[in-house]
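Remarks on the structure that follows.
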Amino acid sequence: MISTDRATAIILELSQALTETETVPLHSALHRVLAESVVSKLDFPHWDNSAMDGYAVRWSDLQAGISELQVVSEIPAGVAPTKSIEPGQAARIFTGAMLPTGADTIVIQENTQLIGDQIQITKPATAQGEFVRRQGDFAKTGEVLLAQGTRLLPAAIAVLAAAQYPQVQVYRRPRVAILSTGNELVQPGDTLAPGQIVDSNQYALTALIQQWGGEPVLLGNAPDNPQELAAMMQRAIDSADMVLSTGGVSVGDYDYVDRVLAELGGEIHITAVAVKPGKPLTIATFQRNGQQIMYFGLPGNPVSALVSCWRFIYLGFQQVAGITHPQLPWIEAVAGVDLRSDGRRESYLWGRVEIKNNRQEFMPVAGGHSSGNLINLARANALAMLPIGQNAITGQSVQILLID
Ligand code: AMP
Ligand code: MG
């Protein structure tokens with residue numbers, strides 16, 4: 001059994017970024033990973049413009065104490081000014097509109113009174129350039145706006161659009177094969193014979209891979225029979241960049257996954273991690289045409305399988321996806337009640353982090369915290385971590401892994 005740190009390091013050492021890329025339109029770019037750094041083709045803002053509705057004026061007029069100016073033009077957004085502003089003059093201007101030449105400062109309309117074609121300034125601007133967004137203040141031509149390896153979220157997609165990139169080069173989505181093992185498994189909607197359960201893991205993992213931005217490759221379920229299992233595992237290894245199987249990695253008589261991995265020529269790096277839930281975790285690698293395929297043998301218990309994914313597999317997935325700095329969404333919160341574990345393994349309790357009394361507080365969800373209890377996991381948005389050697393956390397800060 002190895003430590004969680006060691007397991008993390010091994011996963012990051014073994015996972016290799018995909019190199020193939022594709023071009024996608026921006027509407028399909030969410031959660032894709034940039035395969036190229038995006039360099040700005042223009043300045044942001046593109047030209048000096050007004051940050052407010054008001055009047056474009058000359059700072060020197062204000063400094064000279066002039067409080068009445070003649071309004072000589074109107075500049076709405078999207079229209080280039082045609083008149084330059086001379087001493088004693090102003091232009092009516094609206095948010096986002098280009099500053100006319102001559103003007104260098106905006107007096108907001110709330111601080112003026114319009115009488116005929118004159119404005120009376122009731123409260124002058126306080127500095128030259130007030131309420132002017134200067135060309136290039138936010139980014140300059142040639143600047144890197146988004147680095148290669150960035151996972152695209154809405155704000156980044158908006159930047160690409162604004163920077164005139166109607167499509168973008170991204171890495172191919174990692175293909176992740178998903179298979180469930182166990183004689184007891186049936187599909188949702190099937191009649192349950194005594195002793196059978198529904199293969200919920202397949203659905204949890206498929207959804208997770210979709211959420212991460214990968215492409216699930218569904219292989220269904222294999223019985224606890226080494227021959228059939230081997231055939232399905234081989235198909236998984238042949239068809240994906242990464243394999244997630246659940247079940248069959250424990251010490252039971254029907255747990256064949258590790259044995260089959262070895263028979264298929266896999267190199268096994270890990271079989272157990274000091275974590276609860278999720279102790280049995282097999283990590284193996286296969287070579288296929290120069291590519292290293294990662295095989296993750298997850299525990300069958302639905303909670304253990306998901307916790308293993310959130311805590312470990314996500315890092316490997318990010319690296320395969322081409323994300324430059326794989327990270328887990330750790331935060332800190334205050335334990336709202338006593339959190340307990342046996343202290344022998346790094347332990348996770350599932351619950352909710354919410355803002356209470358101006359601080360982030362973690363409360364475990366009600367119900368049993370056994371790795372077989374999938375039902376209350378669905379109410380959680382976070383996992384609280386109790387390190388090895390710590391039996392309880394009482395009213396103190398606790399490390400939290402966000403899972404929503
Ligand atoms: P195993 O790791 O194969 O010993 O399975 C551990 C527990 O997880 C058993 O109670 C299994 O019935 C359950 N289990 C295994 N695979 C699945 C699955 N795909 N969906 C839901 N539960 C499962
Ligand atoms: Mg099993």
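In this chain, residues are counted from 1 in sequence order. Each ligand, and each atom within it, is numbered from 1 in the order the structure gives.
- Contacts of ligand 1 (protein heavy-atom distance under 4.0 Å) are S180, T181, E184, L185, I197, V198, D199, S200, N201, T246, G247, G248, D255, G300, N301, P302.
- Side chains of Q202 and S180: a donor-acceptor N/O pair is absent below 3.5 angstrom, by distance only.
- For CD of E68, the number of neighbouring non-hydrogen atoms (other residues, nucleotides, ligands) closer than 6.0 Å is greater than 12.
- R352 forms no cation-pi arrangement with F362, by the criterion of a distance under 6.0 Å to the ring centre and an angle within 45° of the ring axis.
- Under 3.5 Å, the side chains of Q167 and T23 contain no donor-acceptor pair of N or O atoms.
- We find that E215 and R172 are not joined by a salt bridge, their nearest charged nitrogen and carboxylate oxygen being 4.0 Å or further apart.
- Note on residues 267-277: pairs passing salt bridge (Lys or Arg N to Asp or Glu O under 4.0 Å), not counting sequence neighbours, are K276-D342.
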